[in-house]
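Heads up: numbering here begins at 1 and tracks the sequence.
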Amino acid sequence: MTRNEAVAMIQQQLSFRTDQTDNIIAYMKLAQQSLEKGKTLPWWLKSERSFIYTVADEQRIPLPTDFLREVDDSQLVYVPTDTTEKLVFLDKDTTDQLEAHYGTDTGEPEAYSLDGKYFRIFPTPDDVYQIRMVYMKKDTVLTTNIENKWLEHLPYLIMGVTGTLIASALRDQTAQAVFQGWAKDGLAMMYAENEAREHTNMDYQIGGPH
């Protein structure tokens with residue numbers, strides 16, 4: 001479903017009001033921003049494996065511009081250039097704790113913190129090192145008439161949140177109730193899909209896989 005198709009469906013519930021197109025689009029952008037700050041995010045916002053690189057004598061690595069948050073059980077990984085060496089899964093802690101532990105030490109990455117708009121790598125890198133990461137990333141904003149992932153996978157959710165906002169502004173309680181129902185259904189679909197992908201074909205046993 002494209003953005004304009006979603007706008008048309010929202011207009012239908014607002015008694016076919018075509019004078020609110022620009023406002024609906026503005027609220028749709030706000031709805032996406034709000035959803036991407038939610039406690040639970042849909043699986044399809046998870047990035048592919050990507051790589052960032054340290055700079056010698058600099059702890060900080062800027063976060064990707066589309067970064068939302070880290071993925072549970074998917075910390076940063078140092079990838080040695082020597083392919084015979086094992087990957088190093090970096091420990092995460094607070095910046096204060098890591099600074100207290102490592103002090104002015106330099107060397108290959110062992111640990112990291114998430115500090116504002118940066119990852120901080122410890123000990124302070126003494127060279128360029130490749131760091132692998134997977135993270136939750138922002139979807140394409142609906143500035144133009146496209147189908148982004150929200151409209152592809154969860155149209156009822158983003159339309160429901162958008163519609164609730166615009167209906168509230170228009171004091172249209174009937175439409176607001178409809179949109180709240182859409183949002184509720186969309187959330188239920190997101191939770192169910194996330195759970196199914198997490199647990200399907202998993203073999204839960206003490207001691208891990210054999």
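The hydrophobic cluster containing M159 also contains L35, counting ILVMFWY residues as joined when their side-chain heavy atoms lie under 4.5 angstrom apart, directly or transitively. A continuous path of hydrophobic side-chain contacts links Y191 to Y156 [ILVMFWY only; heavy atoms under 4.5 Å]. At a threshold of 4.5 Å between side-chain heavy atoms, the hydrophobic network of Ile, Leu, Val, Met, Phe, Trp and Tyr places V141 and L30 in two separate groups. A chain of hydrophobic side-chain contacts below 4.5 Å, direct or via other Ile, Leu, Val, Met, Phe, Trp or Tyr residues, connects L14 to I158. In this structure, L151 is a member of the same hydrophobic cluster as W43, with clusters built from ILVMFWY side-chain heavy atoms closer than 4.5 Å.
Distance check, rounded to the nearest 0.5 Å: CD of Q11 to CD of Q13 gives 11.5 Å. Interatomic distance, CD of Q173 versus CD of Q180, reported as 10.0 Å (0.5 Å rounding). Expressed to the nearest 0.5 Å, how far CD of E147 lies from CG of N4 amounts to 12.5 Å. Here CD1 of I10 is found 8.5 Å from CD1 of I166. Values are rounded to the nearest 0.5 Å. We find the CG-OG1 distance between L142 and T162 to be 8.5 Å, quoted to the nearest 0.5 Å. Atom CE of M189 is separated from atom CG of N194 by 11.5 Å, given to the nearest 0.5 angstrom.
Considering every non-hydrogen atom in both V55 and P125, the closest pair reads O-CB, 4.0 Å. Heavy-atom minimum distance, M9 versus W182: O-CH2, 4.2 Å. T143 and R3 make their closest contact through O-NH1, 2.8 Å (heavy atoms, listed as atom of the first residue, atom of the second, distance). Considering every non-hydrogen atom in both L68 and L45, the closest pair reads CD1-CD1, 4.1 Å. Counting all heavy atoms, side chain and backbone alike, P80 lies closest to K86 at CG-O, 3.4 Å. Heavy-atom minimum distance, F67 versus K138: O-CE, 3.9 Å.
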Notebook entry, point to check: Should M28 and V161 be marked as a side-chain contact (heavy atoms from CB on, under 4.5 Å) after you check the CA-CA gap, both sets of side-chain angles, and the distance that decides it?
Noted result: CA-CA 8 Å; M28 193 173 292; V161 176; over 6 Å; no
Item checked: Audit row: H101, F122, side-chain contact (heavy atoms from CB on, under 4.5 Å) steps and yes/no -> CA-CA 9 Å; H101 178 75; F122 294 87; over 6 Å; no
Margin query: Under the criterion side-chain contact (heavy atoms from CB on, under 4.5 Å), I'd like the reasoning laid out for S74 against V134: C-alpha separation, chi angles, the key distance, then a yes or no.
Written below: CA-CA 7 Å; S74 186; V134 176; 3.6 Å; yes
Checklist line | Full working for side-chain contact (heavy atoms from CB on, under 4.5 Å) between Q20 and L170 | finding: CA-CA 10 Å; Q20 294 297 317; L170 296 173; 4.0 Å; yes
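With hydrogens and angles ignored, the 3.5 Å screen pairs no side-chain donor or acceptor of D91 with any backbone N or O of A111. Under a 3.5 Å cut-off, the side chain of S168 and the backbone N or O of T164 do not form any donor-acceptor pair. At distances below 3.5 Å, not a single donor-acceptor pair connects side-chain atoms of D172 with backbone N or O atoms of A167. Formation of a donor-acceptor pair under 3.5 Å by the E36 side chain with backbone atoms of D139 is found in this model. In this structure, D93 contributes its side chain and Y112 its backbone to no donor-acceptor pair below 3.5 Å.
Checked against salt bridge (charged side-chain N to carboxylate O under 4.0 Å, His left out), D115 has the following partners two or more places apart in sequence or in another chain: R120. Considering only residues two or more places apart in sequence or on other chains, K92 meets the salt bridge (charged side-chain N to carboxylate O under 4.0 Å, His left out) condition with E70.
Put simply, the side chain of L187 does not reach to within 4.5 Å of the side chain of L154, judged on heavy atoms. Inter-residue side-chain proximity for V77 and M133 is flagged as unmet; no heavy-atom pair is nearer than 4.5 Å. Looking at L63 and L114, their side chains come closer than 4.5 Å, going by heavy atoms from C-beta outward. Within the 4.5 Å cutoff, the side chain of T95 has heavy atoms near those of the E99 side chain. Under the 4.5 Å side-chain criterion, counting only non-hydrogen atoms from C-beta, W150 is in contact with L157. Residues Q32 and K37 form no side-chain contact, since every pair of their non-hydrogen atoms from C-beta on lies 4.5 Å or further apart. When side chains are defined from C-beta on, E193 counts as touching W44, because their heavy atoms get closer than 4.5 Å. Using a 4.5 Å heavy-atom threshold, the side chains of I131 and F51 count as separate.
No option in T124, I121, V88 other than I121 meets the side-chain contact (heavy atoms from CB on, under 4.5 Å) test with P109. Of the listed residues (I52, L90, L76, L87), just one forms a side-chain contact (heavy atoms from CB on, under 4.5 Å) with R132, and that residue is L87.
K137 has a carboxylate O that lies under 4.0 Å from a charged side-chain N of D66, or vice versa, which qualifies the two as a salt bridge.
Atom NZ of K29 has more than 12 heavy atoms from other residues, nucleotides or ligands within 6.0 Å. With a 6.0 Å radius and a threshold of 12 heavy atoms from other residues, nucleotides or ligands, Y129 has its OH atom above the threshold. Annotation: D82, atom CG; neighbour count of heavy atoms from other residues, nucleotides and ligands within 6.0 Å is above 12.
Geometrically, R60 engages Y118 in a cation-pi contact, judged by NZ or CZ lying under 6.0 Å from the ring centre and within 45° of the ring axis.
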